[in-house]
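Remarks on the structure that follows.
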Amino acid sequence: MADLTTQFLELPVKNPLMNASGVWCSVASQLEALAESAAGAMVSKSCTLHPRDGNPEPRYRVFGHGGPKENKVCSINSMGLPNEGFAYYLRYAQRHDHENKPLFVSISGLTLDDNLTMVDSLKDAVTPAILEVNLSCPNVPGKSQIGYDFDAMDTLLAEVSSGYQRPFGVKLPPYFDMAHFDEAAEILNRYPLVAFVTCINSIGNALVIDLESETTLIKPKDGFGGLGGDYVLPTALANVNAFYRRCSEKTIIGCGGVKSGTEAFLHLLAGATLVQIGTSLYEEGPGIFPRVLDELAAIMDDKGYKTIADFRGKLKTIA
Ligand code: DHB
């Protein structure tokens with residue numbers, strides 16, 4: 001039977017699966033369910049310095065285009081950062097059993113100062129929780145994504161590096177242009193404390209329309225929201241592999257379009273060390289983890305791979 005254990009920044013991890021931030025991780029009961037689930041690691045909801053209600057509902061919808069036969073699982077959301085505030089997730093981190101599984105704390109401050117304040121208190125709290133700075137929330141009206149403003153990204157990474165003085169990671173939006181992969185990677189590589197990169201956040205500002213009612217699926221931002229699920233898999237794999245190739249000193253976390261062992265395998269093959277599940281976790285709940293782990297192990301067994309290191313990052317291209 002395939003060995004699914006792995007390592008993340010030298011920490012032993014039982015398996016490569018975890019939740020995508022935002023899904024099943026906003027309140028303590030959900031975080032506890034993830035802690036008890038088969039997931040190898042977990043991340044808390046991206047938080048702001050102060051609690052927020054987020055955008056009006058409906059603000060998250062699942063849809064499957066192409067009719068029932070296609071069986072696609074897609075989502076659109078414009079949550080608007082509803083969260084309990086940084087102190088809440090810090091309190092959870094202080095009582096989390098980090099030996100059981102690593103916990104990432106995701107922060108998404110509304111300003112650089114808010115991010116630096118949260119970074120400071122996380123540093124002072126001396127918890128083993130791993131910091132992830134979200135550079136890619138697409139859903140706060142009037143705020144653009146830091147990951148799409150390379151000067152702002154450079155400044156933020158400089159400030160967080162000098163404030164935190166410990167390894168941390170960033171959650172990136174998807175990029176769609178080779179020049180943007182190059183430029184983003186070049187900036188990330190200036191900061192050795194950026195130990196990991198999570199690719200990708202949702203494909204921002206998509207519009208899904210219901211044919212019959214001629215209405216948007218979600219209410220905020222006139223229906224514009226971040227796309228997740230099946231539609232984003234190829235973009236996610238491209239971003240994972242693009243940063244895996246360009247950031248040889250950094251670890252990649254893959255996120256986007258994972259619903260079975262197949263997509264988890266593809267993310268690992270493209271270079272991811274951990275693999276997150278968002279839309280499908282929202283649909284199935286934490287019981288999805290043992291299913292996807294069994295499917296991943298079966299694929300590895302079929303192919304004769306005994307460990308993840310046997311194939312991670314070993315994507316073949318056509319000569
Ligand atoms: C939200 C959405 C995101 O994609 C993200 O990275 C952070 C927050 C949200 O709308 O709550």
Side-chain angles (χ1 to χ4, degrees), residues 18-27 30-31 42-62 74-86 88-89 104-112 114-115 118 131-149 152-153 156 160 168-176 184 196-208 216-229 231-233 235-236 239-240 253-258 276-282:
M18 61 184 290
N19 65 305
S21 181
V23 182
W24 224 279
C25 60
S26 294
V27 294
Q30 296 172 326
L31 291 161
M42 55 191 272
V43 56
S44 54
K45 167 73 182 168
S46 287
C47 65
T48 46
L49 187 53
H50 303 293
R52 284 169 60 87
D53 290 337
N55 294 338
E57 298 190 12
R59 59 192 184 179
Y60 179 96
R61 292 283 298 274
V62 170
C74 305
S75 65
I76 183 166
N77 88 84
S78 180
M79 305 298 288
L81 274 168
N83 77 93
E84 303 292 323
F86 171 73
Y88 180 95
Y89 301 100
F104 296 79
V105 169
S106 171
I107 67 167
S108 190
L110 297 178
T111 63
L112 176 59
D114 283 3
N115 274 324
M118 292 188 276
L131 170 66
E132 179 177 87
V133 184
N134 186 350
L135 305 185
S136 49
C137 173
N139 299 336
V140 179
K143 293 254 170 214
S144 72
Q145 299 182 47
I146 298 167
Y148 287 149
D149 177 343
M153 178 160 131
L156 180 141
V160 173
F168 66 98
V170 293
K171 173 88 168 264
L172 294 180
Y175 298 100
F176 305 95
F196 68 95
V197 177
T198 306
C199 306
I200 59 172
N201 208 314
S202 56
I203 296 184
N205 296 302
L207 181 63
V208 183
T216 62
L217 248 55
I218 57 172
K219 175 168 172 173
K221 292 176 64 180
D222 296 326
F224 285 62
L227 199 60
Y231 281 162
V232 314
L233 177 68
T235 299
N239 278 262
V240 165
I253 301 181
C255 182
V258 176
Q276 303 185 334
I277 308 183
T279 301
S280 291
L281 169 61
Y282 191 104

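No experiment lies behind these values; they were computed from the predicted model shown. Order of listing sets the numbers, starting from 1, for every ligand and every atom in it.
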Q | Distance, nearest 0.5 Å, that separates OH of Tyr148 from CG of Leu172 | A |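 The CG atom of Leu172 is 9.5 Å from OH of Tyr148, to the nearest 0.5 Å.
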At the 4.0 Å heavy-atom cut-off, does [X] count as touching ligand 1?
{"X": "Pro138", "result": "yes"}
{"X": "Lys45", "result": "yes"}
{"X": "Gly22", "result": "no"}
{"X": "Asn77", "result": "yes"}
{"X": "Gly204", "result": "no"}

Q.
Quick check on side chain to side chain donor-acceptor pair (under 3.5 Å): which of Ser106, Ser21, Ser46 does Asn134 satisfy it with?
A.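 Among the candidates, only Ser46 passes.
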Q: With the side chain counted from C-beta on, respond yes when Cys47 and Glu84 share a heavy-atom pair under 4.5 Å apart, and no when they do not.
A: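 Not touching, per the 4.5 Å side-chain cut-off.
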Within reach of ligand 1, part of [X] (heavy-atom separation under 4.0 Å):
{"X": "Asn55", "answer": "neither"}
{"X": "Arg59", "answer": "neither"}
{"X": "Ser202", "answer": "side chain"}

Q: Give a yes or no on whether Lys219 atom NZ has more than 12 heavy-atom contacts from other residues, nucleotides or ligands under 6.0 Å away.
A: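 Atom NZ in Lys219 is not packed in, count stays at 12 or less.
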Q: Below 4.0 angstrom from a heavy atom of Leu81, which ligand 1 atoms are there? Numbered from 1 as shown, please.
A: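 What qualifies from ligand 1 is 8 (C), 9 (C), 10 (O), 11 (O).
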Q | Qualifying residue, where the test is side-chain contact (heavy atoms from CB on, under 4.5 Å) with Ile76 and the options are Ile218, Asn205, Thr279 | A |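 Testing each of Ile218, Asn205, Thr279 against Ile76, the sole residue satisfying side-chain contact (heavy atoms from CB on, under 4.5 Å) is Ile218.
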(Q) Side chains of Thr216 and Asp222 only: does a donor on one sit below 3.5 Å from an acceptor on the other? (A)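 No, Asp222 and Thr216 have no side-chain donor paired with an acceptor closer than 3.5 Å.
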Check: [X] N/O within less than 3.5 Å of ligand 1 N/O:
{"X": "Gly80", "value": "yes"}
{"X": "Asn139", "value": "yes"}
{"X": "Ser46", "value": "no"}
{"X": "Ser78", "value": "no"}

Q.
Parallel, tilted or perpendicular: which one describes the rings of Tyr282 and Tyr60, with boundaries at 30° and 60°?
A.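 Rings of Tyr282 and Tyr60: parallel, as their planes differ by under 30°.
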